[in-house]
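Before any comments, here is the structure.
Just follow the structure's listing: the first ligand is 1, and inside any ligand the first atom is 1. Everything numeric here is computed off the predicted structure, so don't read it as measured data.
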Amino acid sequence: MGRTFDENKLPLHVAIIMDGNGRWAKRRGLPRTAGHREGARTLRRLIRDLSDIGIRYATFYTFSTENWKRSEDEVNALMKLLEDNLDDVVNYKDENIRLRFIGGRERLSEKLVKKMENAEENSKDHTGLTVTLAIDYGGRDDIIRAAKKAMELCRDGEISPKDLTEEKFSSLLSTDGYPEVDLLIRTGGEIRISNYMNWQISYAEMYFTDTLWCDFDRKELEKAVEWYTSRSRRFGDAK
Ligand code: FPP
């Protein structure tokens with residue numbers, strides 16, 4: 001059993017950039033796709049750990065709008081991994097997990113979209129950890145889609161420009177109804193955001209670790225959460 005944290009200080013919403021699968025595989029002389037398969041196993045373990053620690057929302061950067069630029073082989077392998085292993089990686093049936101997806105669905109296969117829709121429908125009343133996989137997701141794309149919705153509402157006379165508050169705009173994003181991200185974790189050593197949830201991380205605490213995603217385990221997660229609980233969050237206010 002791991003450690004327990006002060007429940008009042010736990011991050012409500014953790015967003016995770018799972019970076020380093022390619023390097024993990026390369027160090028072992030394996031193809032990059034083997035790294036993604038191991039990454040999926042890591043994801044499965046981490047979901048259990050997050051749930052066990054008492055986190056309520058966890059949102060994973062699974063495939064970005066930029067990832068389409070990778071080789072056809074790698075894109076196909078990632079898509080197949082998602083199609084074939086979604087229900088296994090996120091065991092929403094047995095673990096009371098609410099599974100959601102954010103990102104565009106237009107470029108995904110019919111098979112994958114069907115699986116996503118089924119999972120969302122079958123888990124919508126679950127009351128445990130909300131796991132969100134961001135697939136074909138980009139933070140700017142999220143904002144543009146919300147801006148288009150706002151313009152349509154304006155055009156249809158449902159709102160006027162002065163009604164577009166931060167709160168209203170947030171409700172037009174893919175994360176409508178979610179709490180803002182409290183803690184962003186990025187594995188794999190890079191210190192950047194890579195177009196992930198740009199709007200939603202405005203006040204997040206940022207935790208960067210050199211540990212590669214496939215090596216990110218319960219102990220590493222607890223280190224990140226412990227670091228978070230020691231932060232003083234002021235949201236622009238003075239001390
Ligand atoms: C970034 O590492 C990782 C990805 C682009 C893929 C993340 C996907 C998973 C962990 C699999 C999820 C699977 C299911 C079934 C939900 P990278 O390839 O950029 O690594 P590198 O920086 O070392 O090259």
Between Tyr196 and Tyr61, what is the ring plane arrangement, given parallel below 30°, perpendicular above 60°, and tilted in between?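 Rings of Tyr196 and Tyr61: parallel, as their planes differ by under 30°.
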
I'd like to know if Gly20 contacts ligand 1, where contact means a heavy-atom distance under 4.0 Å to any ligand atom.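 For ligand 1, residue contact (heavy atoms, under 4.0 Å) with Gly20 is present.
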
Thinking salt bridges, do Glu120 and Lys124 make one under a 4.0 Å N-O criterion?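 No.
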
Is there any N or O on [X] that sits under 3.5 Å from an N or O of ligand 1?
X: Asn85; result: no
X: Asn67; result: no
X: Leu43; result: no

Contact partition for [X] relative to ligand 1, non-hydrogen atoms under 4.0 Å:
X: Arg32; result: side chain
X: Arg70; result: side chain
X: Leu212; result: neither
X: Val89; result: side chain
X: Val90; result: neither

Would you kindly say whether Ser51 and Glu95 are connected by a side-chain donor-acceptor distance under 3.5 Å?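 No pair is found: no donor N or O on one side chain lies under 3.5 Å from an acceptor on the other.
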
Could you tell me if Arg32 and Ser71 have a donor-acceptor pair between their side chains, going purely by distance under 3.5 Å?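 Ser71 vs Arg32: no donor-acceptor pair found between side chains.
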
Run the numbers for me: atoms of ligand 1, each under 4.0 Å from some heavy atom of [X], listed by number.
X: Met18; result: 1 (C), 2 (O), 3 (C), 10 (C)
X: Ala40; result: 13 (C)
X: Arg23; result: 21 (P), 22 (O), 23 (O)
X: Thr62; result: 6 (C), 7 (C), 8 (C), 12 (C)

Nearest protein heavy-atom contact for atom 4 (C) of ligand 1: which residue, which atom, what distance?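 Nearest neighbour among protein heavy atoms for atom 4 (C) of ligand 1, to 0.1 Å: His36 CE1, 3.8 Å.
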
Which residue and heavy atom of the protein sit nearest atom 14 (C) of ligand 1, plus the separation: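 Of every protein heavy atom, Leu82 CD2, 3.7 Å lies nearest to atom 14 (C) of ligand 1.
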
Validate the cation-pi geometry between Arg28 and Trp24: distance from NZ or CZ to the six-membered ring centre under 6.0 Å, angle to the ring axis within 45°.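 Here Arg28 passes the 6.0 Å and 45° test against Trp24.
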
Could you walk me through whether Tyr178 and Thr132 satisfy the side-chain hydrogen bond (donor to acceptor under 3.5 Å, both in side chains) test, starting with their C-alpha distance in whole Å, then the side-chain angles of each, then the deciding distance to 0.1 Å, before giving a yes or no? CA-CA 10 Å; Tyr178 286 47; Thr132 303; 2.7 Å; yes

Leu99 and side-chain contact (heavy atoms from CB on, under 4.5 Å): which single residue from Val131, Asn118, Leu129 fits?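 The option that passes is Val131.
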
Check: Leu108 and Met116 side chains under 4.5 Å, non-hydrogen atoms: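 Answer yes - side chains close enough.
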
Hey, are the side chains of Ile47 and Phe60 touching, using non-hydrogen atoms and a 4.5 Å cut-off?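 Side-chain contact under 4.5 Å: yes.
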
Under the 3.5 angstrom rule, does the side chain of Asn195 hit a backbone N or O of Gly139 as a donor-acceptor pair?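 The answer is yes, because a donor-acceptor pair under 3.5 Å joins these two groups.
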
